[in-house]
Amino acid sequence: MRVPILRAVESLINFSQNTAVELAVVIETPGRNITASNAGRHIGGYALAIDVTARDLQDAAKKSGKPWSTAKGFDTFTPIGEFIPASAIKDPDNLTLWLAVNDAVKQNGPTKDMIFKIPTLVEYVSSIMSLERGDVILTGTPAGVGPMAPGDVVTCGVRENGARADIYNMRFHVMERPGIGMYGNGRV
């Protein structure tokens with residue numbers, strides 16, 4: 001199974017965007033109402049993901065009581081790396097996620113500190129909706145969420161705690177979002 005890779009993230013004009021590295025869980029075996037104790041049987045692997053949020057839009061939505069989906073739903077706002085088989089990660093609670101913007105480390109933290117453990121997330125999400133093969137669940141982010149802007153280069157990775165080498169890393173450029181309307185740069 002392959003998870004798509006994006007090489008650039010589009011930045012909205014006149015709106016601030018934040019970037020956060022997350023471990024993504026990739027579902028292999030479909031299910032509904034999956035218990036936490038059985039969650040591992042449904043997980044095919046993992047991927048590295050970036051959760052991009054248009055912070056100004058999110059704040060305005062919160063203030064007016066509206067959903068946040070616009071702030072997170074733009075094309076390119078969730079780049080996801082290559083599929084990492086579950087067998088390549090001994091313990092998903094024993095990983096370090098890191099993210100750098102223009103080579104300055106902004107996030108560097110262990111997955112053991114996440115608010116919810118992966119089996120709990122799978123149980124919760126599958127109690128709401130059926131999980132299908134290829135579905136992705138983002139698991140949370142370490143401290144250090146911060147801004148990005150056109151021209152920035154974002155690099156991130158995942159490694160076992162204490163290891164020097166990454167299991168996987170990715171790099172992408174932040175570019176102006178082309179197009180018309182209030183979010184584009186006026187060029188198509």
Side-chain angles (χ1 to χ4, degrees), residues 1-6 9 18-55 58 61-62 66-99 106-146 154-163 165-170 172:
M1 176 182 343
R2 291 194 50 86
V3 178
I5 302 169
L6 295 176
V9 169
N18 284 358
T19 182
V21 64
E22 300 200 27
L23 182 67
V25 173
V26 182
I27 298 300
E28 174 70 24
T29 305
R32 182 175 170 199
N33 294 316
I34 300 165
T35 63
S37 61
N38 286 323
R41 297 179 188 164
H42 295 267
I43 297 170
Y46 304 91
L48 195 60
I50 304 296
D51 179 5
V52 177
T53 304
R55 193 62 68 201
Q58 183 184 41
K62 283 181 182 180
K66 294 181 181 174
W68 304 357
S69 55
T70 300
K72 292 182 174 280
F74 287 90
D75 291 344
T76 78
F77 264 31
T78 309
I80 298 176
E82 292 183 24
F83 177 75
I84 304 166
S87 61
I89 294 183
K90 296 174 189 144
D91 180 2
D93 290 330
N94 189 37
L95 301 172
T96 296
L97 299 172
W98 65 269
L99 179 137
K106 302 296 184 180
Q107 293 184 279
N108 188 21
T111 53
K112 70 178 176 61
D113 289 348
M114 297 299 174
I115 296 171
F116 299 105
K117 300 298 180 202
I118 290 170
T120 302
L121 291 172
V122 171
E123 180 178 85
Y124 177 73
V125 173
S126 73
S127 74
I128 297 167
M129 64 187 78
S130 296
L131 293 174
E132 302 295 336
R133 184 175 194 266
D135 281 352
V136 173
I137 301 171
L138 300 189
T139 60
T141 190
V145 172
V154 177
T155 312
C156 57
V158 58
R159 65 175 59 116
E160 289 183 349
N161 288 342
D166 290 334
I167 296 168
Y168 181 79
N169 59 54
M170 65 181 182
F172 59 88

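Note: hydrogens, waters and symmetry copies are ignored here, and every other heavy atom, side chains too, is used. In this chain, numbering begins with 1 at the start of the sequence shown. Quick caveat, the model's predicted, so the values are computed rather than measured.
Within the 4.5 Å cutoff, the side chain of Val25 has no heavy atoms near those of the Val136 side chain. Using a 4.5 Å heavy-atom threshold, the side chains of Val158 and Asn169 count as separate. Side-chain atoms of Met114 and Leu97, non-hydrogen and from C-beta on, do get closer than 4.5 Å to each other.
Taken to the nearest 0.5 Å, the CG atom of Asn108 stands 12.0 Å off from the SG atom of Cys156. Distance CZ/Phe172 to CE/Met170: 6.0 Å, rounded to 0.5 Å. Put simply, CG on Asn18 and OG1 on Thr53 are 6.5 Å apart, with the number rounded to the nearest 0.5 Å. To the nearest 0.5 Å, the span separating CG on Leu121 from CD1 on Ile137 amounts to 6.5 Å.
When each of Ile167, Leu48, Val26, Leu23 is paired with Ile84, the side-chain contact (heavy atoms from CB on, under 4.5 Å) condition holds for Ile167 and for no other. No option in Thr19, Val9, Ile80, Leu138 other than Thr19 meets the side-chain contact (heavy atoms from CB on, under 4.5 Å) test with Ile50.
The side chain to side chain donor-acceptor pair (under 3.5 Å) check on Thr111 picks up nothing, with sequence neighbours excluded. Contacts of Lys62 classified as salt bridge (Lys or Arg N to Asp or Glu O under 4.0 Å), with partners at least two apart in sequence or in another chain: none. Contacts of Glu123 classified as side chain to side chain donor-acceptor pair (under 3.5 Å), with partners at least two apart in sequence or in another chain: none. Every residue meeting the salt bridge (Lys or Arg N to Asp or Glu O under 4.0 Å) condition with Arg159, not counting sequence neighbours, appears here in chain and number order: Asp166. Residues passing the salt bridge (Lys or Arg N to Asp or Glu O under 4.0 Å) test with Asp93: none are found, sequence neighbours excluded.
Across all non-hydrogen atoms, the minimal contact from Pro119 to Ala39 is CA-CB, 3.7 Å. Between Arg133 and Glu28 the shortest heavy-atom distance is NE-OE2, 3.2 Å. The heavy-atom pair separating Gly81 from Ala47 by the smallest distance is O-CB, 3.9 Å. Annotation for Pro67 and Ala61: closest pair O-CB, 3.4 Å, computed over non-hydrogen atoms. Between Tyr46 and Pro92, the shortest heavy-atom distance links the atoms OH-CG, 3.5 Å.
Under a 3.5 Å cut-off, the side chain of His42 and the backbone N or O of Thr29 do form a donor-acceptor pair. The backbone N or O of Glu82 sits less than 3.5 Å from a side-chain atom of Tyr168, completing a donor-acceptor pair. Side-chain atoms of Asn38 never come within 3.5 Å of backbone atoms of Thr35 as a donor-acceptor pair (strictly under, hydrogens ignored). The backbone N or O of Val21 lies less than 3.5 Å from a partner atom in the side chain of Thr141, making a donor-acceptor pair. For Ser126 (side chain) and Val122 (main-chain N/O), a donor-acceptor pair under 3.5 Å exists by modelled atom type. Listed for the Glu22 side chain is a donor-acceptor partner under 3.5 Å among the backbone atoms of Gly140. Judged by distance alone, the side chain of Glu160 and the main-chain N or O of Leu95 form no donor-acceptor pair under 3.5 Å.
Identified under the salt bridge (charged side-chain N to carboxylate O under 4.0 Å, His left out) test for residues 41-55, with sequence neighbours left out: Asp51-Lys72.
Other residues, nucleotides and ligands place no more than 12 heavy atoms under 6.0 Å from the CD1 atom of Ile115.
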